[in-house]
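Heads up, the thing below is written out as structure tokens.
Heavy-atom basis, side chains included; hydrogens, waters and symmetry copies ignored.
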Amino acid sequence: MEANIVKEIMLTERTYVNMMIEFITTYKRPLEGILSNEECSTIFSNIVQLEQVNRHLLEDLGREVETNGEKASSIIQPFIRHLPFMLPLYTVFISNYGEANRLISDLHDNNKPLKAWLVNKKPLQQYMVCPVSRLPRYMLLFKELNKCAPSDDLAMVIKTLEDAAKQINNIA
């Protein structure tokens, strides 16, 4: 069970990082030529920094799992190292999420070049929601991991994520 949850954490993190790379390369960069700097800043916020920190986390997770095996400790230590950098970035992105969605809707209705460019593409909101749902996803996975491989470090990571979620909910 423990190894399966570790595999799921690795798989979902890899999928998430790939989605963020796709979001940046397929949407952010091309739209920088269509939208104003202010509009891009509002919509994409700090997505590049989020991708970078999550990519570093994924690399760290991969090294730990390769070295120590598919154990809870292989997953927990990279999170302990990366959460101090991740949580402030997620706070910024999630706090901006409502305004970004309103702007996307407004632009979709009123910006003909954007509307034409978006034809036959996945909706921007499909990508935007991924960082918003990432912290709750981590909590669910870690709570499952805690059922089969409890540890003080794992409990600390869960508590840190719960506290961050409460803080973000108060801001957003």
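- Judged purely by atom type and a 3.5 angstrom limit, Asn146 has no side-chain atom pairing as donor or acceptor with the backbone of Phe142.
- A donor-acceptor pair is defined here as one N or O able to donate and one able to accept, closer than 3.5 Å; no such pair exists between the side chain of Gln77 and the backbone of Ser74.
- Note: Leu124 CG to Leu114 CG = 7.0 Å, rounded to the nearest 0.5 Å.
- The structure places CD1 of Ile24 at 6.0 Å from CD1 of Ile47, a figure rounded to the nearest 0.5 Å.
- Side-chain atoms of Gln49 never come within 3.5 Å of backbone atoms of Leu89 as a donor-acceptor pair (strictly under, hydrogens ignored).
- Put simply, the side chain of Ser45 never gets that close to the backbone of Asn96: no donor and acceptor are under 3.5 Å apart.
- At distances below 3.5 Å, not a single donor-acceptor pair connects side-chain atoms of Tyr27 with backbone N or O atoms of Pro123.
- A donor atom on one side chain and an acceptor atom on the other are found under 3.5 Å apart for Tyr138 and Glu13.
- Remark: Asn110 CG is packed, more than 12 non-hydrogen atoms of other residues, nucleotides or ligands lying under 6.0 Å away.
- Linking Ile, Leu, Val, Met, Phe, Trp and Tyr whenever their side-chain heavy atoms come within less than 4.5 Å leaves Leu11 and Met19 in two separate clusters.
- In this structure, the side chain of Ser41 does not engage the main chain of Asn37 through any donor-acceptor pair within 3.5 Å.
- Annotation for Cys148 and Ile5: closest pair SG-CD1, 3.9 Å, computed over non-hydrogen atoms.
- Salt bridge annotation for Lys28-Glu22: absent, with no cationic side-chain nitrogen under 4.0 angstrom from a carboxylate oxygen.
- Not one N or O on the side chain of Thr26 forms a donor-acceptor pair closer than 3.5 Å with the backbone of Phe23.
- Checked for salt-bridge contact, Lys147 and Glu144 meet the test: a charged N lies under 4.0 Å from a carboxylate O.
- Of the charged side-chain nitrogens involved, at least one lies within less than 4.0 Å of a carboxylate oxygen, so that Glu8 and Arg137 count as a salt-bridged pair.
- The CD1 atom of Ile9 sits 11.0 Å away from atom CG of Leu140, with the distance rounded to the nearest 0.5 Å.
- Using a 4.5 Å cut-off on side-chain heavy atoms (C-beta onward), Thr160 and Met156 make contact.
- Taking the six-membered ring for Trp and thresholds of 30 and 60 degrees, Tyr16 and Tyr90 have nearly parallel ring planes, at less than 30 degrees apart.
- Counting heavy atoms from C-beta outward, Phe79 and Leu61 have side chains that approach closer than 4.5 Å.
- No side-chain heavy atom of Arg134 sits under 4.5 Å from any side-chain heavy atom of Met20.
- Atoms CD1 and CG, on Ile76 and Asp152 in that order, are 11.5 Å from each other to the nearest 0.5 Å.
- Geometric assessment of Lys115 against the ring of Trp117 yields a negative cation-pi assignment under the 6.0 Å and 45° thresholds.
- To the nearest 0.5 angstrom, His108 atom NE2 is 12.5 Å from Leu103 atom CG.
- Between Tyr97 and Val129, some side-chain heavy-atom pair lies under the 4.5 Å cut-off.
- Under the 4.5 Å side-chain contact rule for hydrophobic residues, Met1 and Ile75 share a cluster.
- Note that the CG atom of Leu107 and the OG atom of Ser36 stand 8.0 Å from one another [nearest 0.5 Å].
- Nearest heavy-atom pair, Val65 versus Glu70, reported as atom, atom and distance to 0.1 Å: CG1-CG, 3.8 Å.
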**Message:** If you apply the rule side-chain contact (heavy atoms from CB on, under 4.5 Å), what do you find for Asn111 with Leu35, and how did you get there?
**Reply:** CA-CA 9 Å; Asn111 185 316; Leu35 303 175; 3.8 Å; yes
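- Annotation: side chain of Leu83 is in contact with side chain of Leu161 (closest heavy-atom distance under 4.5 Å).
- Summarising the geometry of Ile104 relative to Met128, their closest heavy-atom pair is CD1-CG, 4.1 Å, with the distance given to 0.1 Å.
- Taking each heavy atom of Ile34 and Pro113 in turn, the nearest pair found is CG2-CB, 4.1 Å.
- Using a 4.0 Å cut-off between charged side-chain N and carboxylate O, Asp106 and Arg102 make no salt bridge.
- The main-chain N or O of Glu64 is never found under 3.5 Å from a side-chain atom of Thr67 such that the two would form a donor-acceptor pair.
- Heavy atoms only, all atoms of each residue included: Ser95 and Thr91 are closest at OG-O, 2.6 Å.
- Nearest heavy-atom pair across Glu2 and Ala149 is CD-CB, 3.7 Å.
- Taking hydrophobic clusters as Ile, Leu, Val, Met, Phe, Trp and Tyr residues chained together by side-chain heavy-atom distances below 4.5 Å, Val92 does not share a cluster with Tyr127.
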